[in-house]
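Encoded as structure tokens, the structure appears first; notes follow it.
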Amino acid sequence: MDTAAKDDTVSRNPNTSNQAGAAGKGFLSDVATIRARARKHIEDGAVTQNYDADRATVLKLLNEALATELVCVLRYRRHHFMAKGIHAEPIAAEFKVHADEEQQHADRIAARIVQLGGEPDFSPEGLAARSHSEYVEADGLIEMIRENLVAERIAIESYREMVQYIGERDPTTRRILEEILSVEEEHADELADMLSKE
């Protein structure tokens with residue numbers, strides 16, 4: 001029997017298909033083992049036995065990211081309402097868009113914290129200290145743009161480091177942070193464009 005015929009026989013044999021498929025894809029556990037583990041610690045929700053990251057560290061990083069997003073929401077909203085001048089209207093509108101997107105980021109991060117069995121820290125007490133970015137009121141449109149650009153650059157660097165730290169140990173959290181990072185890069189690019197036009 002040639003190799004192709006053997007492979008075809010294995011794929012049609014119900015007793016060997018799971019093992020062959022598992023071995024081919026690099027899985028270490030058979031389906032029965034995975035099912036047994038899923039039932040054993042059902043109260044852990046989304047966190048399974050093969051979760052490789054240090055959950056306490058990931059939750060700390062996510063709560064810092066949550067604080068960062070919340071501070072960004074507050075700063076952008078203030079700037080939206082305080083923007084004044086002949087060129088203020090479109091820039092104020094963009095600040096509002098950014099504020100809304102930062103709120104969406106905060107919501108995604110909070111939801112992931114809960115999935116990992118943690119508690120999102122929305123307490124206003126210590127919010128600025130937990131945040132990587134700063135809340136700067138700014139005086140005038142140019143300063144507002146600059147401060148928001150600085151905050152976006154801080155967020156970009158922080159998210160990149162978080163993504164690198166998490167690596168392959170928590171692909172879901174990494175993907176969420178990568179998607180947020182992509183939006184923060186767009187924000188920074190838009191703010192840099194605003195500055196170049198002033």
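Please read all numbers here as calculations on a predicted model, not as lab measurements.
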_In one Ile/Leu/Val/Met/Phe/Trp/Tyr side-chain cluster, 4.5 Å: I180, V150_ = no

*Return the minimal non-hydrogen interatomic distance between I109 and A65, and the atom names on each side.*
CD1-CB, 3.8 Å

_V183 reachable from V73 in the ILVMFWY side-chain graph, under 4.5 Å edges_ = no

*Can you tell if the side chain of E94 reaches within under 4.5 Å of the side chain of V97, non-hydrogen atoms only?*
yes

*Test item: side-chain donor near acceptor, H98 and N148, under 3.5 Å*: no

*Rounded to the nearest 0.5 Å, what separation is found between the OH atom of Y135 and the CZ atom of R75?*
9.0 Å

*Do E186 and S182 touch side chain to side chain, with heavy atoms closer than 4.5 Å?*
yes

*S123 backbone acceptor or donor facing R130 side chain under 3.5 Å*: yes

*asked:* With a 3.5 Å distance limit and no angle check, can you tell me whether E143 reaches the backbone of D139 through a side-chain donor-acceptor pair?
replied: yes

*Got a second to check how far M144's CE is from L191's CG, nearest 0.5 Å?*
13.0 Å

*asked:* With rounding to the nearest 0.5 angstrom, report the CG to CD1 distance, L195 to I142.
replied: 6.0 Å

*Evaluate the side-chain proximity of I145 to F95: yes if any heavy-atom separation is below 4.5 Å, no if none is.*
yes

*Going by distance alone, is a donor N or O of one side chain under 3.5 Å from an acceptor N or O of the other, for H105 and E102?*
yes

*Look up atom CD in E101 and atom CD in E184, then write down how far apart they are to the nearest 0.5 Å.*
8.5 Å

*Report yes if the side chains of T172 and I176 come closer than 4.5 Å at any heavy-atom pair, otherwise no.*
yes

*asked:* Using the rule given for side chain to side chain contact (heavy atoms under 4.5 Å, CB included), can you reason through R112 versus L59, listing the C-alpha separation, both sets of side-chain angles and the distance that settles it, and then say yes or no?
replied: CA-CA 9 Å; R112 183 59 180 161; L59 289 171; over 6 Å; no

*So which heavy atom on N63 is nearest to which on D121, and how close?*
OD1-N, 2.7 Å

_Minimum heavy-atom distance P120-I113, with the two atoms named_ = N-CG2, 3.6 Å

_Within this structure, what is the CG-CG distance for the pair L61 and L66, rounded to the nearest 0.5 Å?_
12.5 Å

*Side chains of T173 and L116: closer than 4.5 Å at any heavy-atom pair?*
yes

_Side-chain donor-acceptor contact under 3.5 Å, H132 with E157_ = no

*For atom CZ of R108, is the number of surrounding heavy atoms from other residues, nucleotides or ligands below 6.0 Å larger than 12?*
yes

*asked:* Quick check: closest heavy atoms across L141 and A83, and the distance to 0.1 Å?
replied: CD1-CB, 3.6 Å

*Going through the distances and angles, do K84 and E89 end up as a salt bridge (Lys or Arg N to Asp or Glu O under 4.0 Å)?*
CA-CA 8 Å; K84 291 179 175 54; E89 190 175 336; over 6 Å; no

*When you check the gap from the basic side-chain N to the acidic O, do R78 and E137 get nearer than 4.0 Å?*
yes

*Is it true that D170 and R174 have a side-chain N and a carboxylate O under 4.0 angstrom from each other?*
no

*Tell me whether L62 is reachable from V163 by hopping between hydrophobic residues (I, L, V, M, F, W, Y) whose side-chain heavy atoms are closer than 4.5 Å.*
yes

*Where is the tightest heavy-atom contact between L149 and A188, given as atom of each residue plus distance?*
CD1-O, 3.4 Å

_Any Y159 side-chain heavy atom under 4.5 Å of I154 side chain_ = no

*Does the side chain of Y76 reach to within under 4.5 Å of the side chain of H80, using non-hydrogen atoms?*
no

*Should Q103 and E69 be marked as a side chain to side chain contact (heavy atoms under 4.5 Å, CB included) after you check the CA-CA gap, both sets of side-chain angles, and the distance that decides it?*
CA-CA 7 Å; Q103 183 62 60; E69 295 296 339; over 6 Å; no

*asked:* Using 0.5 Å steps for rounding, measure from the CD atom of E147 to the OG atom of S133.
replied: 10.5 Å

*Can you list the steps and then say if E185 with E190 is a side chain to side chain contact (heavy atoms under 4.5 Å, CB included)?*
CA-CA 9 Å; E185 289 174 339; E190 290 163 359; over 6 Å; no

*Are there more than 12 heavy atoms of other residues, nucleotides or ligands under 6.0 Å from atom CD of E134?*
no

_Where A53 and V58 come nearest, the two heavy atoms and their spacing_ = CB-CG2, 3.8 Å

*Under a 4.5 Å cut-off applied to non-hydrogen side-chain atoms, are M194 and P90 in contact?*
no

